[in-house]
Each structure stands twice: as structure tokens, then as C-alpha cells.
Amino acid sequence: MRCANFVVKKPMVIGHECAGVVEEVGSQVKSLTVGDRVALEPGISCGRCNSCRVGRYNLCSEMKFFGSPPTNGSLATMVLHPANLCFKLPDNVSLEEGAMCEPLSVGVHACRRANIGPETKVLIVGAGPIGLVSMLAARAFGAPKIVMVDIDDCRLSFAKKLGADGTILASTKIEDVQDEVIQIENAIGARVDVSFDCVGVDKTMTTALSATRAGGKVCLVGLAQSQMSIPLTPAAAREVDVIGIFRYRNTWPLCIDFLRTGKIDVKPLITHRFSFSQQDVEKAFETTARGGNAIKVMFNL
């Protein structure tokens, strides 16, 4: 009942990937009107601390983030939210796609941090929802070659359908890393410029560090383990930069534009849909817990 330092101490509403229709606006709100369809950026920063003042508001220590204890989330029929964090959706972008701006923002922020461009060969370790949106974002940023690694063949098959140039079925054994790095190099046709670890355990980070070329970058996206034992010294000797990301900042306008122009299509990621009844809520969580072919499970309230 915790995620890093966020601990559930009492019953709360979860959820942070959301979009909806404006029902009411405050008297000072000029940017929105009733009936507007909007995607919500779910974190409210303080606006006063040093992180906020220098523009890195995602690192605000006073952040109130939907669904992170003790802040209630958005799995509700109505939420109250600042107008500047509500982004209008174009007519050709659905509410479902608008809700997908949140996970997509993680991939976009990672690509910005890692400076992905038209000459960047990318490895993504972990083909779950965040790994998949990171792949879509990397492609939108111009990456010409993207290889995905996972221990689940079903997820890799999904990644291939979404446009991965190569897929590697990995094991959970740390001793298999070097053999898998050879497979990665063969699949990508060169050394990796940037690796995204979208899992965050010893094996995945070791793979990312080992596969990345001298002078390349490893971006830690997944945060599964709070402590890891990894070969950091050999990577440092090759001047491999290790960078981290935490959530995102200033990503919604770009995500919406990617969706509007068709540069990114998130619709295939929405594999299951449920209503907001007690019975369907329970079914939805059972579906996502089973994994398998479930990627994103969407509630339509």
C-alpha cells in the first residue's frame, strides 16, 4: 500500500489519467467555458519553491498529485481542478485519447531528457504501457531504430504491431545479460545511443547500461526497486550518462498536438473499456491485474 514515499494511510480515491467535460467554471476563469472537452494534468505544484521558480515544477516537494496519498484522485464522476491544468481537446481528439496524454507525457518527458532525435538509436527495456508510450514518443521525436526488450512474448508482439523495429525476449536471469546484449546489437544493427529502462530492477538496468554505447545515455523511467545493484563503474568508465525522470512537465500541449496531427496514435493501447458501476470497477481491476493482453483499461463514467 505504498509507492516510494507515498503511503496509503486511509481510504482514498485513486486515478490520475483523465479527461472530461467542463461542468462549471470559477468567476475569474477566462480560458474555459462550460462544455469544453479537456485533458487534465493531474499535479498541482506550489508555484513558490525553487523547483517551481526555475520551471522544474514536477520536482516540487509540495506537489498535490491525483491519486498519490494523501491527495484523492480522478476516478470519480466530478473533480475540481485549476483551469491552467485543463487543456482543451481538438474536435478530432477523443476524451479517451485525452486521458492517454498522461502516460504519453511520461514518454515525451523521457525523450526530452534524453535528447532523442533523428539519429538516435533507442533501446527500450520493458514493453508495458510506459515502455510502449515511450516507443511511440521516441518515434515521434524522430528515432530511426527502436528495439524493445521484455520477458513477456505477448507484450513484445504488441510492441511489434505498434512499430518496434526489433524485439528481444529476455529472461529474468542476470547471467543472461551479455548474450541478450549481443541480440540487441544484432537487432538494432549498431550500438545503442539511448536506453530507456521502463522497469527499474537490477536485471533491466544492467541490460540498459551494458547495451548502451560509450558516450550514450541511460534514462531510468521505471521505479520498481528503491535500491539496485548495478555495474555502474564500467558504465562510468565509458562515460555513459545516467539520467532519471519523475513524472513530466509542460508536456500536454505537445501530446495533444501529436494526437491531433496523427503523429502518435494511442488508440490501440486502449484494450478494455468498462463503465463506472461497482461491478465493472471490480472487473476492470481484475482484468488489469491478470496482465496478458490488457494494456490500458479505460473507464467511461
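All figures in this text were calculated on a predicted structure; none of them were measured in a lab.
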Q: Given side chain to side chain contact (heavy atoms under 4.5 Å, CB included), test V125 with C198 step by step and report yes or no.
A: CA-CA 6 Å; V125 186; C198 296; over 6 Å; no

Q: Go through L259 and L89 one step at a time and tell me if the side chain to side chain contact (heavy atoms under 4.5 Å, CB included) criterion holds.
A: CA-CA 10 Å; L259 298 176; L89 294 173; over 6 Å; no

(Q) Set out, in order, the CA-CA distance, both residues' side-chain angles and the distance that settles side chain to side chain contact (heavy atoms under 4.5 Å, CB included) for W252 and L85, then state yes or no. (A) CA-CA 9 Å; W252 258 252; L85 297 175; over 6 Å; no

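Remark: side-chain polar atoms of D150 are paired, donor with acceptor, to backbone N or O of A127 under 3.5 angstrom. In terms of modelled atom types and a separation under 3.5 Å, the side chain of T120 and the main chain of G117 share a donor-acceptor contact. A distance-only check finds a donor-acceptor pair linking the side chain of T204 to the backbone of V201 [under 3.5 Å]. Between the side chain of R113 and the backbone N or O of I243 there is no donor-acceptor pair closer than 3.5 Å.
Residue pairs meeting the salt bridge (Lys or Arg N to Asp or Glu O under 4.0 Å) criterion with at least one member in residues 234-257, sequence neighbours excluded, are D257-R260. The salt bridge (Lys or Arg N to Asp or Glu O under 4.0 Å) contacts involving residues 16-32 comprise E17-K296, where partners must be two or more places apart or lie in separate chains. Listed by first and then second residue, the salt bridge (Lys or Arg N to Asp or Glu O under 4.0 Å) pairs involving residues 153-164 amount to none (not counting sequence neighbours).
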With a 3.5 Å cut-off and sequence neighbours excluded, list the donor-acceptor pairs that the side chains of residues 36-43 form with protein atoms.
unit_1, atom_1, unit_2, atom_2, d
D36, OD1, T33, OG1, 3.4
D36, OD2, T33, N, 2.8
D36, OD2, T33, OG1, 3.4
R37, NH1, V93, O, 2.9
R37, NH2, P90, O, 2.6
R37, NH2, V93, O, 2.9
E41, OE2, Y57, OH, 2.7

Side-chain donor-acceptor pairs under 3.5 Å in residues 47-55, sequence neighbours left out?
unit_1, atom_1, unit_2, atom_2, d
R48, NH1, C46, O, 3.3
R53, NH1, R48, O, 2.5

Donor-acceptor pairs under 3.5 Å, side chain of residues 181-190 to any protein atom, not counting sequence neighbours: which ones?
unit_1, atom_1, unit_2, atom_2, d
E185, OE2, R191, NE, 2.8
N186, ND2, I182, O, 3.3

Give the table of side-chain donor-acceptor pairs shorter than 3.5 Å for residues 217-231, with sequence neighbours excluded, one pair per line with atom names and distance.
unit_1, atom_1, unit_2, atom_2, d
Q225, OE1, D202, N, 3.0
Q225, NE2, Q227, O, 3.1

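Contact record, A284 with V297: CB-CG1, 3.8 Å, taken as the closest heavy-atom pair. For the pair V192 and K121, the tightest heavy-atom approach, listed with the atom from each and the gap, is CG1-O, 3.8 Å. Contact record, N58 with H109: ND2-NE2, 3.8 Å, taken as the closest heavy-atom pair. Counting all heavy atoms, side chain and backbone alike, K203 lies closest to A170 at NZ-CB, 4.3 Å. Nearest heavy-atom pair across F274 and T287 is CZ-OG1, 3.6 Å. Shown here for P103 and V133, the closest heavy-atom pair between the two residues is O-CG2, 3.4 Å.
The CD1 atom of I295 lies 7.0 Å from the SG atom of C154; values are rounded to the nearest 0.5 Å. Atom OG1 of T207 sits about 10.5 Å away from atom CE of M205, to the nearest 0.5 Å. Expressed to the nearest 0.5 Å, how far CD1 of I14 lies from CZ of F285 amounts to 3.5 Å. Annotation: the span from L123 atom CG to R213 atom CZ amounts to 13.5 Å, rounded to 0.5 Å. Within the model, atoms CD1 of I245 and CG of L59 stand 11.0 Å from one another, a figure rounded to the nearest 0.5 Å. Summarising the geometry, atom OG1 belonging to T206 is positioned 10.0 Å from atom CG belonging to L232; distances are rounded to the nearest 0.5 Å.
If you chain together hydrophobic residues whose side chains sit under 4.5 Å apart, I124 and V194 fall into the same group. One hydrophobic cluster holds both I264 and I256 under the rule that ILVMFWY side chains link at heavy-atom gaps under 4.5 Å. Note: the hydrophobic cluster containing L301 also contains V281 (ILVMFWY, side chain heavy atoms under 4.5 Å, direct or indirect links). At a threshold of 4.5 Å between side-chain heavy atoms, the hydrophobic network of Ile, Leu, Val, Met, Phe, Trp and Tyr places V122 and L162 in one connected group. Linking Ile, Leu, Val, Met, Phe, Trp and Tyr whenever their side-chain heavy atoms come within less than 4.5 Å puts F196 and L156 in one cluster.
Residues that satisfy the salt bridge (charged side-chain N to carboxylate O under 4.0 Å, His left out) test with E96, not counting sequence neighbours, are R273. Applying the ring-ring contact (aromatic ring centres under 6.0 Å, His included) test to F65 and every residue at least two apart in sequence or in another chain returns H16. Partners of S74 according to the side chain to side chain contact (heavy atoms under 4.5 Å, CB included) rule, which considers only residues two or more places apart in sequence or in another chain, are C18, F66, V79. Residues meeting the side chain to side chain contact (heavy atoms under 4.5 Å, CB included) test with A83, sequence neighbours left out: V29, S31, L32. Residues satisfying the side chain to side chain contact (heavy atoms under 4.5 Å, CB included) criterion with V13, sequence neighbours excluded, are N72, L75.
Side-chain contact, E97 with S94: a donor N or O sits under 3.5 Å from an acceptor N or O.
Side-chain contact between F141 and N115 is absent, with no heavy atoms from C-beta onward closer than 4.5 Å. Residues P69 and K9 fail the side-chain proximity criterion, which asks for heavy atoms closer than 4.5 Å. Counting only heavy atoms from C-beta outward, the side chains of L136 and L269 approach each other to under 4.5 Å. Side-chain contact check for F158 versus T271: some heavy-atom pair is nearer than 4.5 Å.
In summary, D165 and R139 engage in a salt bridge, as defined by a charged side-chain N under 4.0 Å from a carboxylate O.
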